[in-house]
Q: 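Could you have a look at this structure, given as structure tokens, before my questions?
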Amino acid sequence: MGRKKKKQMKPWCWYCNRDFDDEKILIQHQKAKHFKCHICHKKLYTGPGLAIHCMQVHKETIDGVPNAIPGRTDIELEIYGMEGIPEKDMQERRRVLEQKTQESQKKKQNQEDSDEEEEDEAGPSFQQPAAQTPATYMPPMAQPGIPPGPRAQGMPPANYSGMPPMMPGVPPMMPGMPPVMPGMPPGMMPMGGMMPPGPGMPPMMPGMPPGMPPHVARPGMPPIAQAAPVTAPGMPARPAVPAAITQSTPTKPLFPSAVQMGTGVPSTSPASTSADTQSASSKPLFPSSAQAQQTASGPSSTTSDPPKATFPAYTQATASPAAPSSSTVAKPPATVTSKPATLTTTSATSKLMHPDEDISLEERRAQLPRYQRLIPRPGQASIAAPPSGAASGMITPQQGMPPQQPGIRPPIHSQYGAPPQGMPGYMPPYGQSAPMVPPYQGAPPGPPMGMRPPVMSPGGRY
Amino acid sequence: MSLFGTSSGFGTGGTGVFGSTTTDSHNPMKDVEVTSPPDDSISCLAFSPPTMPANFLIGGSWANDVRCWEVQDNGQTVPKAQQMHTGPVLDVCWSDDSSKVFTASCDKTAKMWDLNSNQAMQIAQHDGPIKAIHWIKAPNYSCVMTGSWDKTLKFWDTRSPNPMMSLQMPERCYCADVVYPMAVVATAERGLIVYQLENQPSEFRRIDSPLKHQHRCVAIFKDKQNKPTGFALGSIEGRVAIHYINPPNPAKDNFTFKCHRSNGTNNSTPQDIYAVNAIAFHPVHGTLATVGSDGRFSFWDKDARTKLKTSEQLDQPITACCFNHNGNIFAYASSYDWSKGHEYYNPQKKNYIFLRNAAEELKPRNKK
């Protein structure tokens, strides 16, 4: 079941080592047991998501994943179902399972075997844990500094909820854990390999945490999107974690849809951008025009992925993986709230606070009559040509009726009061309103009429 | 710098009483209020450049006026002067020597306001409202760049009535930013063009928009060597894209993040998504501020990819923001931006400009 490469085994919960029939059930379990807010009982999707939720909503910090076995309480590790499980733990688990199956074959003790094999709490037997736990600690640490062997022996019993601690060695071990945890991020670094602090970020493209704690758990993006929220609280260790996670992802693709997207995007964009970067990597900001043309052709190739009205295409259309996180406003499944290339939509999960039009807010507002009162009409000399000769006024022809002026001029009269006060040192008192009035209203007061011609003539350079 | 000290009283002036007796949320952040704000929505704010020792704030509004305040170190704001256009003012900018202010208006003109003489004269003319105006100071030339809804980008030597150069754009200019030698213009229909300004302005690259919604604001950021290296682009969909011009790894370096949304945690109620009205980068720290239609401002660290702070919600959208030249003051304007249509416009509602001490809150996060 499932993908061969990734997990030949049944889905199991990294946090508590329980087995499940189906990944869906596993996810339900995780949501209910490990990613549930203890304050408001809201179910999140991942550990970091829960941490962020508690921080933002309740202003509380969380130290570890609830109901997790010791050693698996890292709140910063982005695990969703079977995704995000550190490779070491996966291997460890596989080893354990193999041992289990061997054992069950050997022993033929149905009772014991079924206990071990089935999705029971205990999971593997006590002996298994011994083998397993070292791996539990090893992956995060990757530091031989902590001898896992003896510790591991003591750990296992404590790892299983409900299992009475078998070895008194456990408690002493526990204190050993905290140092392990902080060590994790740096430990992850060597493991991750791509940890240089700054570049550690890049894998996490999409996500600024801002308003989306619950939405964080998008399949395909959890490691990435979560990584951003992970950094939101600003803990220095965080960046290391996501990077480490993503480090392991190259070997196991993310969710299939994301894989397609992810591969789709790089396939198009690098083609174009690689040309850019190759030619412009160490160059000044604006390379020669030749390269500019070269790069110009690049983007055009990416535009061949027209933004389709679908979720994946939204991701593809953009050269950056930022798209996935943005499109995943809703949950992983198809409730796509992203509005590809079309304006505003109101969906079940989001509403854009913007009028449904293809014009900007300012354009919309500028069309209103109240804002067009004083704007010179076409055909008039532009204001800039007062006879007083504030010469540098630019007078270029006004062509046609500007779309924003539906021709409402009733309040003209009031304008005469306005210019004097409003035009210190620049506008001749009449100049402003006069041009507008005459051609359109019969009602312009006399003086402006008389004044208009002088205004018009200098403006004659249409 | 004891910018505001204990002088909140000064700034809030008479309205301080209101703030305390009622639970009005016009200033939930308790920031300094600028005195004599404009009578209609504020469209743009600009602080004086470093060449001026004092802080002067220019604000353009839909009341057709451009106002100038002096912002004193104790937080007191003194209105200094005002100029008028014949249409709403959409953008303002300073010349590099702090002597002139350029204003762009719906009346299709741009003016140069000489602060010393308090005279303003027209220096530019378009066929449509001018939405963006920037001063360009190059080694071999200086000019004013204006972007208009008439789909042209024009460059003006202020001494001549004709533009030095006029570049055609695919669509109406919605926002622009200039940090020599780079200029970026975002247009309608999600157009995005980068210009290079060396020698003379020329189109450098048209970029596929990283965003899926209408572009609303853009701001260029610089790298550690103080060279412009990319820009932040905000859309009406509560999202900002950080885009580098020549990143080593575009897929990794460019990203977008969501902001200015509500109901984030509750999946059952629809999430309200607000437009990002303006973006400003802190001149020293390189962190950025975004202000949105939701009436909040947020500070972000784009390198650590984290949010630094989000404000309380004001009762009106925040329409403009800017930092002063040394990054100690963050100014933001609270006024209606038309995001809910004209039905929600209340001409009686007061518009505010707030000043906040920005020296501490915008420090970057330590990233690992």
Q: Considering only heavy atoms, which portion of B:Tyr336 lies under 4.5 Å from any heavy atom of chain A: side chain, backbone, both, or neither?
A: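 The answer is the backbone of B:Tyr336.
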Q: Rounded to the nearest 0.5 Å, what's the gap from CE on A:Met353 to NE2 on B:His260? Could you check?
A: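 So the gap between those two atoms works out to 14.0 Å.
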Q: Indicate yes or no for a side-chain donor-acceptor contact from B:Tyr174 to the backbone of A:Ser360 under 3.5 Å, with no hydrogens or angles considered.
A: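 Here the side-chain-to-backbone pair exists.
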Q: Does the side chain of A:Arg365 come within less than 4.5 Å of B:Asp337's, by heavy atoms?
A: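 Contact flag for B:Asp337/A:Arg365 side chains = no.
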Q: Run the numbers on A:Gln56 and B:Thr310 for side chain to side chain contact (heavy atoms under 4.5 Å, CB included), then give the verdict.
A: CA-CA 11 Å; A:Gln56 292 189 346; B:Thr310 294; over 6 Å; no
Q: For B:Ser41, is it the side chain, the backbone, both or neither that has a heavy atom under 4.5 Å from a heavy atom of chain A?
A: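 For B:Ser41, heavy atoms of backbone and side chain both lie under 4.5 Å from chain A.
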Q: Using a 4.5 angstrom heavy-atom cutoff, name the option from B:Met112, B:Arg216, B:His215 with the most pairs to chain A.
A: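 Highest number of pairs under 4.5 Å: B:Arg216.
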Q: For the residue pair A:Arg370 and B:Tyr345, would you count it as a cation-pi contact if the rule is NZ or CZ under 6.0 angstrom from the ring centre and within 45 degrees of the ring axis?
A: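 Verdict for B:Tyr345: no cation-pi partner in A:Arg370.
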Q: Let's go through A:Tyr371 and B:Asp40 carefully: what are the C-alpha distance in whole Å and the side-chain angles of both, what is the deciding distance for side chain to side chain donor-acceptor pair (under 3.5 Å) to 0.1 Å, and is it a yes or a no?
A: CA-CA 11 Å; A:Tyr371 291 115; B:Asp40 205 343; 2.7 Å; yes
Q: Within the structure provided, determine whether A:Pro355 and B:Trp338 are in side-chain contact (heavy-atom separation under 4.5 Å).
A: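 No, their side chains stay 4.5 Å or more apart.
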Q: Closest heavy-atom contact between A:Arg364 and B:Gly341?
A: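 What the structure gives for the nearest pair is NH1-CA, 3.5 Å.
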Q: Look only at the side chain of A:Glu362 and the backbone of B:Lys131, and say whether a donor-acceptor pair between them is shorter than 3.5 Å.
A: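 Such a contact is absent between A:Glu362 side chain and B:Lys131 backbone.
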Q: Please name the residue in the list B:Gln271, B:Gln214, B:Glu237 that meets the side-chain contact (heavy atoms from CB on, under 4.5 Å) test with A:Leu352.
A: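 Running side-chain contact (heavy atoms from CB on, under 4.5 Å) over B:Gln271, B:Gln214, B:Glu237 with A:Leu352 returns exactly one hit, B:Glu237.
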Q: Can you check salt bridge (Lys or Arg N to Asp or Glu O under 4.0 Å) on B:Arg172 and A:Glu363, steps first, answer last?
A: CA-CA 10 Å; B:Arg172 300 151 278 169; A:Glu363 281 172 303; 2.8 Å; yes
